[in-house]
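When a ligand or atom number is given, it counts from 1 through the structure's own listing order. Position 1 is the first residue of the sequence, and the numbers go up from there.
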Amino acid sequence: MSEKPWGGRFESPTNEFVEAFNASIDVDARMYGEDIAGSRAHARMLCQQGILSSEDLDAILRGLDQVSAEIERGDLEFTIALEDVHMNIESRLTAIIGDAGKRLHTARSRNDQVATDTRLYLRTRTDTMIAYIRKLQGVLVTLAEEHAATIMPGFTHLQTAQPVTLGHHLLAYVEMFERDAGRFLDARKRMNQCPLGSAALAGTTFAIDRNMTAAELGFDAPTRNSLDGVSDRDFIIELLAAASVCAVHLSRLAEELILWMSAQFHFIDLPDAFCTGSSIMPQKKNPDMPELVRGKAGRIIGGLVAMLITVKGLPLAYNKDMQEDKTAIFDAFDNLQGSLRVFGDMLPGMRVNVEALHQAASSGFATATDLADALVRAGVPFRDAHEIVGKSVGYCIKADIELHQMDAAACQQIDPRLTAEMVGALSVEACVAARNHIGGTAPDQVMAQVALWKTALENNHA
Ligand code: ARG
């Protein structure tokens, strides 16, 4: 009974199952560093404002150092009886330093405490996430440079459409991840406001200095409204949204890697260290990492949906429902970071079957659009050109040849405007080289983009 910091008005102890069900220590223990940093800033501010004596402040700072060291050594055993990281730390502090520890919670509530800790923790995690995104972008840019002129089929509807360069294809993902990093940065800007001092919901009767704590904890400013400060969870929703979009991008890349590694495509091989075998089929080498990354998108998006629904309709200010926020965001961040890391480590070891890619681009009439463009250049209206090339493709399918293998007689028979020179000039190399404008697939363009990305990533932004 007496163990509970809030036990004063209670006559009977907490139900045993409720104690465990209510506790969040298993989830929030990882914020101990942020909780201690917040307490240090709060105590210094209380002392500066004459609310706490300098002897008490000294004791608190020393005590917090010890608690921190104990946690880091694994010597402090957290207990569900003390619910969460905030009360576990405060209780240990008080056990070490006595009454001064009991004064720390002056002008503070767990409501502003948890809101502050979570922002601090996620701020660091967001920076790390962005670093992992940058690393993966760097890996993709290196691969794109290597394969600036590697020709592969470009698909629409997963049907061969036009030849593209593998470098161009990979840089498409670099663009997606750039926007993902931007979404994290953007969310980080908005969340970097300090709720400390909002207290339970209405603020406090003490003459606190919120600018001081906000500055000491690296926030841009204190939050402007105490009710909002303790009850806002949209920073978590925004981070989950950013994580979800990034996970969706990773899942698209994952899906392509899985397809490309199949015997039917045979475009790539992933390093053994990132694949597993089958216990029954000896020939199997499974792309488990891309599959798992593709799967992670599901739970990350699940976290976003869970948080949106948890916050929907919640009255102001703090409600215990909000304790669920950390499960969702920590799980999403752990899994997204893991996904980014595993792709960043795996892709440099990817073997690209350049011949198979070229072969695939050379079949399936990927050059058909370029033949139509050649007819247009000779004065044929585009719709007629489309029709002529369509007939040519039909002819080639029957004759089991490619467009560039059509002879003069065949061309003349299909349409007098179609010439052997036109079909003879068709090649996948010419197709990609011709798309030489901003955003085009030409090797020159890929190299230009690679150069831009290298500079941007070296400066750690784009
Ligand atoms: N463990 C709680 C959470 O994560 C901390 C805040 C609890 N506040 C309260 N008034 N019960 O949300």
Side-chain angles (χ1 to χ4, degrees), residues 1 3-10 13-15 17-39 41-42 67 71 76-94 102 104-125 191 194-204 213 217 223 226-237 239-240 303 306-334:
M1 272 299 314
E3 214 192 336
K4 299 263 190 282
W6 42 253
R9 64 100 70 213
F10 286 79
T14 314
N15 170 293
F17 179 71
V18 167
E19 192 154 84
F21 193 67
N22 187 48
S24 59
I25 184 64
D26 288 346
V27 177
D28 59 32
R30 56 163 86 189
M31 303 196 302
Y32 74 87
E34 288 74 16
D35 194 71
I36 289 172
S39 288
H42 181 67
V67 176
I71 296 172
L76 181 56
E77 219 175 288
F78 291 134
T79 160
I80 56 164
L82 290 165
E83 258 181 75
D84 52 30
V85 69
H86 325 293
M87 295 207 298
N88 268 278
I89 288 177
E90 189 189 317
S91 156
R92 178 64 192 138
L93 176 70
T94 301
K102 297 190 200 161
L104 172 62
H105 211 53
T106 310
R108 184 175 80 170
S109 156
R110 273 189 297 154
N111 296 349
D112 58 343
Q113 207 178 343
V114 72
T116 305
D117 293 1
T118 311
R119 279 172 168 81
L120 284 174
Y121 177 80
L122 290 174
R123 193 175 68 189
T124 307
R125 290 293 305 264
M191 90 173 153
C194 187
L196 200 58
S198 300
L201 75 165
T204 170
T213 39
L217 294 169
T223 53
S226 63
L227 291 164
D228 179 54
V230 289
S231 67
D232 158 40
R233 291 296 181 274
D234 35 284
F235 68 102
I236 290 179
I237 293 172
L239 291 174
L240 282 165
M307 252 341 265
L308 284 168
I309 297 173
T310 301
V311 175
K312 178 194 172 293
L314 268 192
L316 300 185
Y318 179 84
N319 300 272
K320 191 72 171 207
D321 316 44
M322 291 173 170
Q323 182 165 286
E324 293 295 315
D325 60 356
K326 287 172 284 300
T327 320
I329 188 74
F330 293 173
D331 184 77
F333 265 44
D334 292 349

S.K.: Checking side-chain contact (heavy atoms from CB on, under 4.5 Å) against Asp28, which of Thr327, Thr118, Asn88, Asp84 comes through?
M.R.: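 Option passing the side-chain contact (heavy atoms from CB on, under 4.5 Å) with Asp28: Asp84.
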S.K.: Please enumerate all residues that pass side chain to side chain donor-acceptor pair (under 3.5 Å) together with Arg233, with sequence neighbours excluded.
M.R.: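 Asp325.
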S.K.: Output all residues satisfying side chain to side chain donor-acceptor pair (under 3.5 Å) with Asp334, sequence neighbours left out; order by chain, then residue number.
M.R.: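 Counting only residues at least two positions away or on another chain, Asp334 forms a side chain to side chain donor-acceptor pair (under 3.5 Å) with Arg30, Arg125.
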S.K.: Pick one: which of Arg108, Glu90, Glu34 meets side chain to side chain donor-acceptor pair (under 3.5 Å) with Ser39?
M.R.: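 So the option named by the test is Arg108.
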S.K.: Between ligand 1 and the protein, tabulate every N or O atom pair separated by less than 3.5 Å, reporting distance only.
M.R.:
from, atom 1, to, atom 2, distance (Å)
ligand 1, 1 (N), Ser24, OG, 3.1
ligand 1, 1 (N), Asp84, OD2, 3.0
ligand 1, 1 (N), Gln323, OE1, 2.9
ligand 1, 4 (O), Lys326, NZ, 2.7
ligand 1, 8 (N), Asn111, OD1, 2.9
ligand 1, 10 (N), Asn111, OD1, 3.1
ligand 1, 12 (O), Tyr318, OH, 2.5

S.K.: How about NZ on Lys320, more than 12 heavy atoms from neighbouring residues, nucleotides or ligands closer than 6.0 Å, or not?
M.R.: yes
S.K.: Under the side chain to side chain donor-acceptor pair (under 3.5 Å) rule, collect the residues that match up with Asp331, sequence neighbours excluded.
M.R.: Arg299, Asn335
